[in-house]
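Lettering of chains follows the sequences in order, A, B, ..., and the numbering in each one begins at 1.
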Amino acid sequence: MPRITLPDGKLLEFPQPVSGRQVAEAIGPGLARKAIGVKIDGAEIRDLDRPITEDARLTIITAKNEDPDALWLLRHSCAHVLAEAVCELFPGTRLAYGPPVDDGFFYDMATPRPLTSDDFATIEAKMAEIVKANRPFSRVDYPCEAGLARTAGDKFKADNAQRAIAKGAKTISFYSTGNPGEHWEDLCAGPHVPATGVLGAHKVMSVAGAYWHGDQNSDQLTRIYGTCFADDKGLKTYLVRLEEAKKRDHRKIGREMDLFHLQEDNPGQVFWHPKGWSIYRTLEDYVRGRIRDRGYVEVKTPSVMSKSLWEKSGHWAKYRENMFTTASEEREFALKPMNCPGHIEIFKQGLRSYRDLPLRMAEFGSCCRNELSGALHGIMRVRGFVQDDAHIFCTEAQIPGEVADFCRLLKEVYRDFGFGDDRVLVKFSTRPAVRVGSDESWDRAEAALADACKQADLAYEVRAGEGAFYGPKLEFTLLDSLSRQWQCGTIQVDYQLPSAERLDAQYVGEDGQKHHPVILHRAILGSIERFIGILIEHFAGKFPLWLAPEQIRVLPITDEHVPYARELGDRLRRADIRATVDENSEKLGAKIRLARTDRVSYFAVVGAQEVAERTVSLQNQAGEKLGSLAIEALIERLCAEVADKRIAPTAAVGAG
RNA sequence: GCCGACGUAGCUCAGCUGGCCAGAGCACCGCUCUCGUAAAGCGGGGGUCGUGGGUUCGAAUCCCACCGUCGGCUCCA
């Protein structure tokens, strides 16, 4: 008979199988009222009313926005309410698949007519009715045969049921929102909340096309996205966060700050304006400095290289779809989508010795990839971009040291942008089923990556089988100020490309024999374009001083003060400070307003008093008055802040 | 690429049940004001209504095609 261990260690014993609800009642009636499900042994989430027959560690799940399990349950159940509403409003709708996802849920379905956002209000009204009726979610289990029979004639649900059976399901379950047989039902593994009444804080978010099982050649379905929270407050907070993300959209801020533009006739290609290019150059120069300190050499390889090279590298066979090609005098060429083949060509010039290794070859390499038009997104996903790329040619024995060194470098770099350890996630992808190379070399490479993370004190999550066919990899994901994830850095171990079958890179070893080096492909920022997009959204355009395109603007109060303002601007620029002067004949209030909406880091007001004293009256973007400073003190202050790469404490907080 | 929505001045948007010469605010240019911490006043220029076709006496408005943008295109019941 089940012995139930509660999270606080307390043990409850029951003479017969109990439901989660009965356990909750045994603890207290208040908890029983609030419970929406239980978690068993920290793994399986189960309906409140399903029996527990074995001993278990049990957690009662209540509807709380902070509990991912609670949200998962609410959203999964809310997907049913959405589906029921749509089925009722649009007879003939066939349901396909409706899981909870990160920020809500979706339901894919075939509807008799296309749905648009104009239908949301009607759907939400119907959902509200279902919630208000507070009908129970009732589960009925059927033996596989019988369950399958119930789905007969429904292509999607029959497919789902068959897949479930193939995966070893012992029964096929259906959930109805109400009484089985009487109310609407859906094939579903569950679990669900006890009744529809707890699903009040929901919203239909968007509609999009999707394919059955994500397969382009399969049925085109309508996907409706929605979300659900434990209460209206949670929903509201989420919606405010979405608003905040919208305000921070790099496409909007890029335009407002005059950083770059994209235009119709060159989809996926960025035109960098002076201020955007200032950020770009600052990033490049910064990374250049960091890798120089780590013993890298920098190179530049051609943008257009002949088909024969890409055939040897394997790109022509595997990556052709994404390559821009061109021809001249009957020879075919391709714009480089990656820098590695070029770097190997440099490595192969002359005879390399083991003494040359590790050779760390870096390039700010301009790459072109013909991304699908539908995948383009501002400067985050483009067709022309620059990677802070490098390839480390080394021996197998050098892999651990090189990877560990890279992880340390990467951590330092991320920290300078305000992404501390708590904002870096590491994913470690291990050997896939289809791969090249011996198991021994995979063992060594994987151990080296895991060990490097430990040395650099970076926690990682293993993604088994997700590695490239030629080697394992680490992927580094940043968590921005709105807690969104962006994969940026990576390091991959590659035995393939330098091999005799591919580009045949060689060095002479201590033994006088020729050997193939191992190549570590690595990047920290990833694409500079994308990284700038991330920074724009992370900082909402209010860059730390060292990155800011306009670090200070001098605001003369009247035309009389313009000469002093110009002199000041010149002094600041000579001290390597990005300074401008606002010479418009506007009132001071207007100039200040403009300086702040332009997100200039600091502005210096100069009037009669400042001219006389040779000082400035300083204020920052946030509107804090910083008092009167002499010119020298101002320069010293700004230079110190740039040198520190100081991040304003408010900058990274945001609304997230 | 596929599905859906959208495309009007540099920006944000109105007009779009077909019909006065296509509008507003901001920005821009000119003039006046020379001003002390988030928008001074007046005047002016600017749009082949994404592109191309069609329907119509008449198209920003209706239809078709194309281009582009935005959202989405599994996290396997």
Would you kindly check if the NZ (Lys) or CZ (Arg) of A:Arg383 is within the cone defined by 45 degrees around the ring axis of A:Phe324 and under 6.0 Å from the six-membered ring centre? no

When you measure from the centre of the six-membered ring of A:Phe106, is the NZ or CZ of A:Arg223 under 6.0 Å away and within 45° of the axis? yes

Pick base, sugar-phosphate or nothing for [X], based on heavy-atom distances below 4.0 Å to the nucleic acid.
{"X": "A:Gln609", "value": "base"}
{"X": "A:Glu610", "value": "base"}
{"X": "A:Thr222", "value": "nothing"}
{"X": "A:Glu586", "value": "base"}
{"X": "A:Ala608", "value": "base"}

Using the [atom1] atom as the point on both nucleotides, what is the distance between [M] and [N], in whole Å?
{"N": "B:rG7", "M": "B:rG15", "atom1": "C1'", "result": "15 Å"}
{"N": "B:rC63", "M": "B:rU55", "atom1": "P", "result": "15 Å"}
{"N": "B:rA27", "M": "B:rG68", "atom1": "C1'", "result": "25 Å"}
{"N": "B:rA59", "M": "B:rG52", "atom1": "C1'", "result": "15 Å"}
{"N": "B:rU34", "M": "B:rG41", "atom1": "P", "result": "16 Å"}
{"N": "B:rA9", "M": "B:rC28", "atom1": "C1'", "result": "11 Å"}
{"N": "B:rG23", "M": "B:rC64", "atom1": "P", "result": "29 Å"}
{"N": "B:rC20", "M": "B:rG1", "atom1": "C1'", "result": "47 Å"}

Length of the [atom1]-[atom2] vector between [X] and [N], whole Å:
{"X": "A:Leu262", "N": "B:rG7", "atom1": "CG", "atom2": "P", "result": "20 Å"}
{"X": "A:Arg381", "N": "B:rU69", "atom1": "CZ", "atom2": "C1'", "result": "16 Å"}
{"X": "A:Leu588", "N": "B:rA39", "atom1": "CG", "atom2": "P", "result": "10 Å"}
{"X": "A:Phe120", "N": "B:rA5", "atom1": "CZ", "atom2": "P", "result": "11 Å"}
{"X": "A:Glu624", "N": "B:rU37", "atom1": "CD", "atom2": "P", "result": "18 Å"}
{"X": "A:Lys625", "N": "B:rA38", "atom1": "NZ", "atom2": "P", "result": "6 Å"}
{"X": "A:Leu555", "N": "B:rA39", "atom1": "CG", "atom2": "P", "result": "14 Å"}
{"X": "A:Asn620", "N": "B:rU37", "atom1": "CG", "atom2": "P", "result": "17 Å"}

Could you label the plane-to-plane angle of the A:Trp272 and A:Trp277 rings as parallel, tilted or perpendicular, counting under 30° as parallel and over 60° as perpendicular? tilted

Over 60° means perpendicular and under 30° means parallel, so tell me whether A:His192 and A:His76 are parallel, tilted or perpendicular. tilted

Donor-acceptor pair under 3.5 Å: do we get one between A:Glu321's side chain and the base of B:rG1? no

Using Watson-Crick or G-U wobble geometry with both distances below 3.5 Å, tell me the partner of [N], or none.
{"N": "B:rA14", "value": "none"}
{"N": "B:rU56", "value": "none"}
{"N": "B:rC28", "value": "B:rG44"}
{"N": "B:rU61", "value": "none"}
{"N": "B:rG4", "value": "B:rC70"}

Treat primed atoms plus P, OP1 and OP2 as sugar-phosphate and everything else as base, then score nucleotides 70-77 of chain B 5' to 3': B for base contact with protein heavy atoms under 4.0 Å, S for sugar-phosphate contact only, - for none. SBBBBBBB

Tell me yes or no: between the side chains of A:Thr580 and A:Glu550, is some donor less than 3.5 Å from an acceptor? yes

A:Arg596 side chain near B:rA39 phosphate (N/O to OP1/OP2, under 4.0 Å): no

Partner of A:Ser628 by side-chain contact (heavy atoms from CB on, under 4.5 Å), out of A:Leu618, A:Leu634, A:Val605, A:Thr615: A:Thr615

With rounding to the nearest 0.5 angstrom, report the CD1 to NE2 distance, A:Ile379 to A:His261. 13.0 Å

Side chain to side chain contact (heavy atoms under 4.5 Å, CB included) for A:Ile577 and A:Tyr602? Distances and angles first, verdict last. CA-CA 11 Å; A:Ile577 292 162; A:Tyr602 287 100; over 6 Å; no

Nearest to side-chain heavy atoms of A:Arg255, which nucleotide of B:rU34, B:rU12, B:rG50: B:rU12

Closest of B:rG50, B:rG36, B:rU34 to the A:Glu560 side chain is B:rU34

A:Arg593 and A:Glu586: CA distance, side-chain angles, deciding distance, salt bridge (charged side-chain N to carboxylate O under 4.0 Å, His left out) verdict: CA-CA 11 Å; A:Arg593 181 171 187 275; A:Glu586 281 289 352; over 6 Å; no

